[in-house]
Novice: 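Sharing a structure below in structure tokens format, with a few things to ask.
Both backbone and side-chain heavy atoms feed into the values below; hydrogens, waters and symmetry mates do not. None of these values were measured; they are calculated from a predicted model. Throughout, residue positions are numbered sequentially from 1 according to the sequence presented.
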Amino acid sequence: MRATAAVLLVLCLLTLSHAWDCQIVANIKNLMQIDAGLGQVVATDTSQIPYYLVGDKWIRMPGSLRHITVGPAGIWGVSNGNLMFKYVAGNWVQFATSAKQLDAGGDEFVVGDNMDDVPWCLSRSASLGFMGADSSLRGIMLPGAVKYFSCGPFGCWAVNKNDDIYLMSLNQDCQNKGWSHIEGKLSMIEVATDGSVFGVNSAGQVYTRDGITASKPEGTGWSNVLMYMPMKHVTYDLGRLWVISNSGFTMVCKH
């Protein structure tokens, strides 16, 4: 009864969250990370089991992953041994580049960072062309040091080990002009396929970037998305904000 009451209290609080109508996702537990893009949702749990959402059912995918991403470049994942994989014809195929975290939300290219926080980019031709383990394709190293990296149609956002926030313009061939510092502090950041940017800070607070357009990719400022409990991960797609709390709840919110 106490557990049920706690869940109902959480649900009531979340429903009041700054004009976001949030509902607990009851049919999945202990998610560690989640990613949404192009109408698709993927996730991994604390046992490193990857899932793909079909309707309201979470379908278990093969393999074991601690990070997974979906976007215009396909579905990619990272294993506990920092091995990088692409989902090809129902199976995970290993890629030569190692990764700690990666993102497939760019314009059909993939970005990520390794265990030394070195960021890299896999061009559109390499990302889409990779189909098997015999490929000799490699990622292109980028300047700086980041711990979390995500791209969308208007640019790529990243945070470093100090939670500093940066923005980079990156094209399909991984050409860029370096990083621009953005005010604020975030522990992780995600860019949606429509260009929206959301992130979580070290206190578990969720923020969204206002005023992002093609002509002003840096936006105008941060707004707090009030959640009434600490969060650890966030992703957004097609009007739905997916959040994972520090206490193990997964919620989906609509504005």
Side-chain angles (χ1 to χ4, degrees), residues 11 14-28 31-45 50-61 65 67-77 86-87 101-111 124 127-128 148-157 167 170 172 186 188-200 206-217 219-220 222-227 231-245 249-255:
L11 187 56
L14 288 171
T15 304
L16 299 174
S17 295
H18 197 63
W20 288 86
D21 178 18
C22 298
Q23 303 293 324
I24 293 176
V25 180
N27 53 354
I28 191 74
L31 288 186
M32 179 170 58
Q33 177 256 333
I34 190 168
D35 194 40
L38 297 179
Q40 304 174 84
V41 182
V42 293
T44 57
D45 67 11
Y51 293 92
Y52 184 95
L53 182 62
V54 178
D56 61 353
K57 298 185 183 299
W58 292 89
I59 307 302
R60 181 171 178 169
M61 301 176 73
L65 299 173
H67 187 91
I68 190 169
T69 180
V70 62
I75 301 177
W76 296 70
K86 182 181 181 182
Y87 199 57
Q101 175 265 334
L102 74 171
D103 185 82
D107 188 10
E108 299 184 329
F109 60 86
V110 176
V111 298
R124 177 185 183 275
S127 298
L128 298 183
Y148 205 100
F149 198 177
S150 183
C151 294
F154 308 134
C156 297
W157 292 70
L167 172 64
L170 198 61
Q172 293 180 329
L186 292 173
M188 64 82 57
I189 195 164
E190 280 285 346
V191 187
T193 47
D194 67 355
S196 300
V197 175
F198 288 84
V200 180
V206 177
Y207 284 86
T208 183
R209 188 71 176 177
D210 300 319
I212 294 176
T213 63
S215 60
K216 194 175 181 62
T220 56
W222 297 103
S223 291
N224 180 227
V225 181
L226 194 58
M227 284 291 167
M231 300 296 167
K232 63 181 179 181
H233 202 91
V234 63
T235 187
Y236 177 83
D237 183 52
L238 297 179
R240 290 168 173 81
L241 179 66
W242 300 81
V243 289
I244 303 174
S245 75
F249 291 106
T250 298
M251 278 77 65
V252 58
C253 308
K254 297 180 183 179
H255 204 252

Novice: To the nearest 0.5 Å, tell me how far L186 CG sits from Y207 OH.
Specialist: 8.5 Å

Novice: Please give me the minimum heavy-atom distance between A73 and L128, naming the atom from each residue.
Specialist: CA-CD2, 4.3 Å

Novice: Looking at every non-hydrogen atom in both residues, tell me the closest pair between K232 and S245 and how far apart they are.
Specialist: CE-O, 3.7 Å

Novice: What's the spacing between T193 OG1 and L38 CG if we round to 0.5 Å?
Specialist: 5.0 Å

Novice: For E190, which of V197, D35, T69 qualifies under side chain to side chain contact (heavy atoms under 4.5 Å, CB included)?
Specialist: D35

Novice: Tell me, with the steps shown, if C156 and F109 meet side-chain contact (heavy atoms from CB on, under 4.5 Å).
Specialist: CA-CA 11 Å; C156 297; F109 60 86; 4.2 Å; yes

Novice: I'd like to know if the side chain of H255 reaches the main chain of G239, judged simply by a donor and an acceptor atom lying under 3.5 Å from each other, with no hydrogens or angles considered.
Specialist: no

Novice: Are the side chains of Q40 and D237 in contact, using a 4.5 Å heavy-atom criterion?
Specialist: no

Novice: Report the C-alpha separation of M227 and L241 in whole Å, then their side-chain angles, then the decisive distance to 0.1 Å, and conclude whether the side-chain contact (heavy atoms from CB on, under 4.5 Å) test is met.
Specialist: CA-CA 12 Å; M227 284 291 167; L241 179 66; 3.9 Å; yes

Novice: For side-chain contact (heavy atoms from CB on, under 4.5 Å), just list the numbers for V41 and R240, CA-CA rounded to whole Å, side-chain angles, deciding distance to a tenth of an Å, and then say yes or no.
Specialist: CA-CA 11 Å; V41 182; R240 290 168 173 81; over 6 Å; no

Novice: To the closest 0.5 Å, what do you measure between CG (D45) and CD (Q33)?
Specialist: 11.0 Å

Novice: Of the non-hydrogen atoms in A104 and V70, which two are nearest, and what is the gap between them?
Specialist: CB-C, 4.1 Å

Novice: Compare every heavy atom of Y148 with every heavy atom of Q101, then report the nearest pair and how far apart it is.
Specialist: OE1-CA, 3.4 Å

Novice: I would like to know whether W58 and V25 meet side-chain contact (heavy atoms from CB on, under 4.5 Å); could you show each step before the answer?
Specialist: CA-CA 10 Å; W58 292 89; V25 180; 3.7 Å; yes

Novice: Please report the closest heavy-atom contact between D103 and S150, naming both atoms and the distance.
Specialist: OD1-OG, 3.2 Å

Novice: With sequence neighbours left out, write down each residue that passes side chain to side chain contact (heavy atoms under 4.5 Å, CB included) with F154, or none if nothing qualifies.
Specialist: I212, A214, P217

Novice: Who passes ring-ring contact (aromatic ring centres under 6.0 Å, His included) against F198, sequence neighbours left out?
Specialist: Y236

Novice: Kindly compute the distance separating NZ (K86) from CG (L102), expressed to the nearest 0.5 Å.
Specialist: 12.0 Å

Novice: Where is the tightest heavy-atom contact between I244 and M32, given as atom of each residue plus distance?
Specialist: CD1-C, 3.9 Å

Novice: For S127, enumerate each residue passing the side chain to side chain donor-acceptor pair (under 3.5 Å) test, keeping only those at least two apart in sequence or located in another chain.
Specialist: none

Novice: Hey, does W242 have a side-chain heavy atom less than 4.5 Å from the side chain of M251?
Specialist: no

Novice: Got P72 and D107 here, is their nearest side-chain heavy-atom distance under 4.5 Å?
Specialist: no

Novice: Will you find, in the side chains of D21 and Q23, an N or O donor that is under 3.5 Å from an N or O acceptor?
Specialist: yes

Novice: Between OH of Y87 and CD1 of I68, what distance do you get to the nearest 0.5 Å?
Specialist: 8.5 Å

Novice: Could you check if a side-chain atom of V200 sits within less than 4.5 angstrom of a side-chain atom of H233, using non-hydrogen atoms only?
Specialist: no

